[in-house]
Amino acid sequence: MPLHHHEPGDATLDVNPLYATGAARAGVPKLRIPREPMDAEVAYQIVHDELMLDGNARLNLATFVTTWMEPQAARLMAEAADKNVIDKDEYPQTAEIERRCVHILADLWHAQPHQTAVGCSTTGSSEAAMLAGMALKWRWREARRAAGASTDRPNMVMGINVQVCWEKFCRYWDVEPRCVPMEGQRRHLTGEEAVKLCDENTIGVVAVLGSTQDGSYEPVAEIAAALDRLHQAGGPDVPLHVDAASGGFVAPFVQPDLEWDFRIPRVASINTSGHKYGLVYPGVGWVIWRDRDALPEQLVFRVNYLGGSMPTFALNFSRPGAQVIAQYYNLIRLGFEGYRRIQQAALDTAQQLAAAIARIGPFQLLTAGSELPVFAFTLRPEVTRYSVFDISDGLRKRGWQVPAYSFPPNLEDTSVLRVVVRNGMSRDLADVLVADLRREVAQLEKLSSPLPQHPDRARFHH
Ligand SMILES: Cc1ncc(COP(=O)(O)O)c(C=O)c1O
């Protein structure tokens, strides 16, 4: 969350004279609590009107997070708005629904029947990453202590393209991040590069199923095989975590033969965001460990549950239950075939949109929406009068939010635009985007000299 610094002052919200009754008549202070209550309808209208200034979620091609659910799901969420997911004793059916979701995901990710997968819901993939990272750190530390070895310098190996949550994990839990930079055509982690950075202090390697930067899948099986070889050759036995924030709800349905999950023995744990391709509104993620050995017992806390106790692992205590309930709704409402159709439609739209953008002329595709329904594209080197940042700004005029950003080291000189196709991005909407892009390019092509570029435009933290 942004850190907000306290500002003194008496700024007030302007209230339409029609609503300016009672406490609202004198204006509503922005940064202090109003002294008196106001009419509920007036308060509603003030907040509602202010929210109109937010972007249109359907035109937001930057986010991976769900922007549309069926009215029945929205109804269930409103009905469940008062449920606190930690109160297992008070809401045993919500707890049961969460348990079923964990089982369904473990099954989709090929948890082996003879092993006992264990998992939980989280606020999103970031909390899931913290939990998975802690489990790796605790396991590594136990093994090192048992061997009488030092536990001072844990490190984690990953590609530089990982989402910021892994950088956070490393900083908050005092783990050295060892990031493989991008190079040439390689924009994510490979097995060969991963093992080069591993040593006896490596708590784990993170492979991303669906890079936030360009939507490509990291080669999980190849990374696992490289780690197997490292161990067989007498090197450390390094567990693999798969950050399947997006891919965890895509690959099982539309790339069922791709081996990236618990079919690979080295995969210790997997996270996903229920609120991305799990198709739930923001606020739910999942993390599953292969078996109890992968999740150290010291990390587990117990809460009351029907006169007994239930094991939990979370950073938060209280958390809304509605998203977990909405996840279960989606799972039973859509079933395997429903999810498959939705993800396949997103892939088809992404691929057609990518191809249409490539035909406009100045753009070059870096990915084409063949893994996640996400693709990144850049401008051809001969385009020098405008940048991807100008294109992104131009699209904003029509309401589209298409992020532009520079790649991390060593490809800082490559700046891209990225489109995330989600449920609700219809072919018609995609055609409108292509028409708007054509219009924008036609305008920019008329420039007689280059537009000024600001260095601070290049940053991006999604
Ligand atoms: C690969 C990856 N991991 C983790 C995250 C963080 O996910 P969340 O927003 O659910 O916390 C994202 C978000 O885009 C992501 O793409």
Side-chain angles (χ1 to χ4, degrees), residues 1-2 57 60-67 101 105 119-134 136 156 158-172 177 179-180 182 187-189 204-220 223 240-251 260-261 267 269-288 314-316 319-320 323-324 326-327 346 350 367 369 371-376 401-403 405 407-408 416 418-422 460-462:
M1 293 299 108
N60 179 355
L61 304 184
T63 186
F64 286 77
V65 174
T66 300
T67 46
C101 290
L105 278 176
C120 57
S121 71
T122 60
T123 311
S125 278
S126 299
E127 188 190 3
M130 301 301 140
L131 302 186
M134 284 163 77
L136 291 174
M156 177 177 258
M158 54 200 139
I160 191 85
N161 53 302
V162 290
Q163 210 261 357
V164 67
C165 66
W166 293 104
E167 203 180 310
K168 272 190 192 168
F169 165 76
C170 288
R171 197 177 305 169
Y172 295 170
C179 297
V180 174
M182 293 183 171
R187 293 185 296 272
H188 60 216
L189 192 65
V205 170
V206 175
V208 184
L209 198 76
S211 170
T212 323
Q213 302 275 344
D214 65 2
S216 63
Y217 286 168
E218 291 188 335
V220 181
I223 295 169
L240 184 57
H241 172 81
V242 183
D243 175 358
S246 296
F249 267 103
V250 174
W260 63 274
D261 53 18
V267 172
S269 45
I270 301 174
N271 70 272
T272 197
S273 297
H275 55 216
K276 294 194 173 102
Y277 288 96
L279 308 176
V280 179
Y281 284 139
V284 64
W286 302 94
V287 54
I288 299 189
L315 295 184
N316 302 303
R319 240 187 60 221
Q323 284 83 349
V324 169
Q327 182 76 78
T367 43
E371 291 176 323
L372 285 186
V374 171
F375 61 93
Q401 295 165 54
V402 178
Y405 51 93
F407 275 148
V416 298
R418 189 197 63 197
V419 168
V420 176
V421 174
R422 300 183 308 278
F460 179 63
H461 277 296
H462 275 67

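Every number for a ligand or one of its atoms is a count from 1 in the order of the listing. The figures that follow rest on heavy atoms only: side chains count, while hydrogens, waters and symmetry mates do not.
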Would you say the side-chain atoms of Ser269 pair up with the backbone N or O of His241, donor to acceptor, closer than 3.5 Å?
no
Distance-only, no hydrogens or angles: does the Glu218 side chain make a donor-acceptor pair with backbone N or O of Leu189 under 3.5 Å?
yes
Test of understanding: given a 4.0 Å heavy-atom threshold, classify the contact between Cys165 and ligand 1 as side chain, backbone, both, or neither.
side chain
Considering only heavy atoms, does Ser273 approach ligand 1 within less than 4.0 Å through its side chain, its backbone, both, or neither?
side chain
Can you tell me if Glu127 contacts ligand 1 (heavy atom of the residue under 4.0 Å from the ligand)?
no
Gly210: heavy atom below 4.0 Å from ligand 1, yes or no?
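For ligand 1, residue contact (heavy atoms, under 4.0 Å) with Gly210 is present.
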As a test of understanding, state which of Val284, Asn316, Asn271 forms a side-chain contact (heavy atoms from CB on, under 4.5 Å) with Glu127.
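Single side-chain contact (heavy atoms from CB on, under 4.5 Å) partner of Glu127 among Val284, Asn316, Asn271: Asn316.
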Counting each atom of ligand 1 from 1 as listed, which ones have a heavy atom of [X] under 4.0 Å away?
| X | answer |
| --- | --- |
| Val208 | 1 (C) |
| His275 | 8 (P), 9 (O), 10 (O) |
| Lys276 | 5 (C), 6 (C), 7 (O), 8 (P), 9 (O), 10 (O), 12 (C), 13 (C), 14 (O), 15 (C) |

What heavy-atom pair brings Val220 and Ala207 nearest, and what distance separates the two atoms?
CG2-CB, 4.2 Å
Pairing residues for Ser211 by the side chain to side chain donor-acceptor pair (under 3.5 Å) criterion, not counting sequence neighbours
Asn161
Sequence neighbours left out, what passes salt bridge (Lys or Arg N to Asp or Glu O under 4.0 Å) with Arg187? Give chain and number order.
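Counting only residues at least two positions away or on another chain, Arg187 forms a salt bridge (Lys or Arg N to Asp or Glu O under 4.0 Å) with Asp214.
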When you compare ligand 1 with Thr212, is there at least one nitrogen or oxygen pair between them that comes in under 3.5 angstrom?
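Checking ligand 1 against Thr212, an N or O pair does fall under 3.5 Å apart.
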